[in-house]
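Keep in mind that this is a model prediction, so the values were computed, not measured.
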Amino acid sequence: MKLPKKHPVSTELKENVDYLKRELAIDKSFDLIHLDLEYGGIEMALFTVDAFAKDDALTQIQRELNHIDGATKENILDHLLKSRIPYIELEKVDDLEIALVEILSGPAVLLIDGQSEALVIDTRAYEIRGPEEPDSEQVIRGARDGFVETMVFNAGLVRRRIRDRNLRNEYIRIGRRSLSDVCITYLADIADRELVNYIKTSLEEIDTDGLPMGDKTIEEYLFGQHRNPYPVVRYTERPDVASSHVLEGHVLITVDGSPSVIITPTTFWHHLQHAEEYRQKPIVGSALRLVRFAAVWTSIFLLPLWYLFAQSPDLLPENLSYIGMDDPGEVPLIAQFLLAEIGIEMLRMAAIHTPSALATALGLVAAILIGEVAIEVGLFSHEVVLYLAISAVGSFATPSYEMSLANRLMRIALLIVCAVFHVPGYIVGSLLLILLLASMKSFDTPYFWPFIPFNLRGLRDVVFRAPMPLKNRRPRSIHPIDPDR
């Protein structure tokens with residue numbers, strides 16, 4: 001973010017106070033506080049935001065200021081910093097524009113008559129909810145804490161798990177109006193330096209008035225690919241998942257006000273991993289992973305493949321002839337699929353906006369209206385509902401919500417291509433999808449690694465959940481400085 005125009009702190013207290021009162025419009029905002037103070041014959045002024053101010057801390061500071069005397073006037077700033085103000089986060093600023101930004105960000109600013117610098121006292125205290133386990137990443141066993149909307153607290157959750165002197169939490173402020181706080185987290189002796197420098201430079205070059213959608217806005221500025229539905233970063237609300245990626249060499253991007261953290265760079269397979277796999281025995285985790293892979297591929301390719309068989313029964317061998325349709329119904333098959341896809345999406349949206357107390361009622365309505373009644377009136381056939389339900393379960397089994405939405409779009413696209421071009425459409429469409437994934441990159445990390453380019457060791461780690469004692473190498477695809485764990 002470009003720094004505002006410099007406005008030096010004047011030694012005349014009244015001039016400083018008038019400037020801040022005018023720029024902050026103190027008289028027109030009830031939540032901005034200005035106090036005129038005098039201790040030991042020295043005039044002072046305090047500015048802060050009511051919602052962020054920690055009353056106990058400011059009251060204690062005022063008690064301490066009451067003990068100063070005029071003899072300390074010449075070196076009053078150093079005296080307050082070293083002896084009088086009982087607070088940890090203190091700094092001096094010589095620019096009123098910086099002081100103004102600090103006030104709006106939460107800290108209190110103390111101006112002193114005769115001094116060309118102001119004191120910034122970080123007494124802010126954000127209201128935060130408890131770090132509950134995120135609903136979308138639940139595990140049977142494991143930690144139950146999750147990220148919250150306060151960046152400082154989130155940084156502490158990662159620091160609690162990685163007590164390494166090389167862990168860096170670098171701070172950047174973005175947005176001319178929102179002045180949003182952003183944190184970059186990485187291990188200095190592991191993460192790719194070019195990647196870290198690129199992220200920092202790109203963040204600093206963001207020129208916008210604010211970050212209304214938090215981390216999602218950051219993603220769109222840094223990574224682009226707006227026409228590609230597949231996610232190039234991973235979101236997580238679990239501190240243990242984020243910490244494990246940091247130890248591998250990934251970089252985290254945290255935005256104040258957002259409970260999710262961006263993990264970058266990522267491959268296609270990072271979006272299919274789940275913490276539950278690492279909370280079970282390796283062989284159990286490997287089985288869970290294979291089932292999840294099967295569910296994901298089923299969610300993309302099953303419906304188009306069955307549509308081909310239903311339209312061309314001669315493609316099926318004799319012993320699989322039961323896969324086709326007994327009664328195609330009055331509505332064309334492709335129309336049934338598209339209507340059902342739209343219906344499921346409508347139900348998903350309705351479930352998001354439905355209070356939990358009514359969720360059961362919504363499920364019953366969906367089961368009755370879209371299930372049995374729709375079949376009875378001839379809108380859908382039994383087979384369409386069956387195979388669509390299997391594909392929907394595969395979508396819900398995808399750990400990454402962004403990935404499941406992208407796969408759903410690809411499934412619909414393949415259905416349409418199959419309806420128009422039949423078997424050649426299915427083959428060419430599937431090939432184009434694989435080529436799309438193989439050609440993508442997240443920074444310098446190939447999206448389809450370790451399949452393309454091929455890496456045997458990486459392939460083993462992707463397909464099977466290896467025992468932790470054997471995971472002694474970091475993924476080569478993210479170019480860690482120290483590949484040995």
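- Taking the side chain as every heavy atom from C-beta outward, Val463 and Leu290 approach each other to under 4.5 Å.
- For the pair Glu137 (side chain) and Glu237 (backbone), a donor-acceptor distance under 3.5 Å is present.
- The structure places CG of Leu32 at 4.5 Å from CD1 of Ile26, a figure rounded to the nearest 0.5 Å.
- Residues His270 and His245 have side chains in contact (heavy-atom distance under 4.5 Å, counting atoms from C-beta outward).
- Taking all atoms of both residues into account, the shortest heavy-atom contact from Thr266 to Val233 is OG1-CA, 3.6 Å.
- When ring centroids are compared, Trp449 and Phe268 stay outside the 6.0 Å threshold.
- Between Arg411 and Ser299 there is a side-chain heavy-atom pair separated by less than 4.5 Å.
- The backbone N or O of Asp36 sits nowhere less than 3.5 Å from a side-chain atom of Glu43 that would complete a donor-acceptor pair.
- When the ring pair (Phe, Tyr, Trp, His ring centres under 6.0 Å) test is applied to Tyr198, the partners found at least two apart in sequence or on another chain are Phe443.
- Among Gln280, Gln273, Arg279, the single residue meeting the side-chain hydrogen bond (donor to acceptor under 3.5 Å, both in side chains) criterion with Glu276 is Gln280.
- Salt bridge absent: Asp113 and Lys14 never bring a charged side-chain N and a carboxylate O closer than 4.0 Å.
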Item to complete: For side chain to side chain donor-acceptor pair (under 3.5 Å), just list the numbers for Asn407 and Tyr230, CA-CA rounded to whole Å, side-chain angles, deciding distance to a tenth of an Å, and then say yes or no.
Response: CA-CA 8 Å; Asn407 289 339; Tyr230 279 95; 2.9 Å; yes
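- Using a 4.5 Å heavy-atom threshold, the side chains of Leu65 and Leu80 count as touching.
- Of the candidates Ile253, Leu167, Val251, Val261, Thr185 forms a side-chain contact (heavy atoms from CB on, under 4.5 Å) with just one, namely Leu167.
- The residues Lys92 and Glu117 are annotated as salt-bridged, a charged nitrogen and a carboxylate oxygen being separated by less than 4.0 angstrom.
- Formation of a donor-acceptor pair under 3.5 Å by the Ser258 side chain with backbone atoms of Thr254 is not found in this model.
- One N or O on the side chain of Arg163 and one on the backbone of Arg160 form a donor-acceptor pair closer than 3.5 Å.
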Worksheet item: Passes side chain to side chain donor-acceptor pair (under 3.5 Å), Glu64 versus Tyr39? Steps please.
Response: CA-CA 10 Å; Glu64 292 295 326; Tyr39 296 101; over 6 Å; no
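- The CG atom of Leu110 lies 8.5 Å from the CD1 atom of Ile61; values are rounded to the nearest 0.5 Å.
- The CD1 atom of Ile162 sits 5.5 Å away from atom CG of Leu187, with the distance rounded to the nearest 0.5 Å.
- Tyr235 and Ile262 get closest at one heavy-atom pair: CE2-CG1, 3.6 Å.
- Listed here is the closest heavy atom pair of Arg457 and Leu470: NH2-O, 4.1 Å.
- For the residue pair Ala143 and Asp240, the shortest heavy atom distance occurs at CB-OD2, 4.3 Å.
- Within the 4.5 Å cutoff, the side chain of Lys6 has no heavy atoms near those of the Ile98 side chain.
- Around CD of Glu38, the count of heavy atoms belonging to other residues, nucleotides or ligands within 6.0 Å exceeds 12.
- Closest of all the heavy-atom pairs between Ile103 and Val49 is O-CG2, 3.2 Å.
- In this structure, Ile263 CD1 and Leu252 CG are separated by 6.0 Å, a value rounded to the nearest 0.5 Å.
- Contact of the Glu248 side chain with the Pro475 side chain is registered, since non-hydrogen atoms from C-beta on lie closer than 4.5 Å.
- Checking side-chain atoms of His7 against main-chain N and O of Asp95 turns up no donor-acceptor pair under 3.5 Å.
- Remark: the backbone N or O of Ile199 is not paired with any side-chain donor or acceptor of Ser202 at under 3.5 angstrom.
- Taking the six-membered ring where the residue is Trp, His271 and Tyr447 present tilted rings, their angle falling between 30° and 60°.
- When the shell of 6.0 Å around CD1 of Ile283 is examined, it contains 12 or fewer heavy atoms from other residues, nucleotides or ligands.
- Side-chain contact annotation: Tyr186 with Glu170, donor-acceptor N/O pair under 3.5 Å present.
- Between the CG atom of Leu203 and the CD1 atom of Ile174 there is a distance of 4.5 Å, given to the nearest 0.5 Å.
- Panel note: side chain Arg474, backbone Leu247; a donor-acceptor pair is recorded below 3.5 Å.
- In this structure, CG in Leu111 is found 5.5 Å from CG in Asn16, a value given to the nearest 0.5 Å.
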Worksheet item: What do the steps show when you test Ser260 against Asp215 for side chain to side chain donor-acceptor pair (under 3.5 Å), and what is the final call?
Response: CA-CA 8 Å; Ser260 57; Asp215 46 12; 2.5 Å; yes
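- The pair Arg124-Asp122 meets the salt-bridge criterion, since a charged nitrogen lies less than 4.0 angstrom from a carboxylate oxygen.
- At least one side-chain heavy atom of Arg173 sits under 4.5 Å from a side-chain heavy atom of Ser105.
- Scanning both residues, Ser178 and Gly210, for their nearest heavy atoms gives OG-CA, 3.0 Å.
- The number of heavy atoms from other shown groups lying within 6.0 Å of CZ (Arg84) is above 12.
- Between the side chain of Glu133 and the backbone N or O of Val139, at least one donor-acceptor pair lies under 3.5 Å.
- Using a 4.5 Å cut-off on side-chain heavy atoms (C-beta onward), Glu102 and Glu91 make contact.
- Among Val152, Leu179, Asp181, Asn154, the single residue meeting the side-chain contact (heavy atoms from CB on, under 4.5 Å) criterion with Asp256 is Asp181.
- In this structure, Ser116 contributes its side chain and Thr11 its backbone to no donor-acceptor pair below 3.5 Å.
- Panel note: side chain Arg465, backbone Val462; no donor-acceptor pair is recorded below 3.5 Å.
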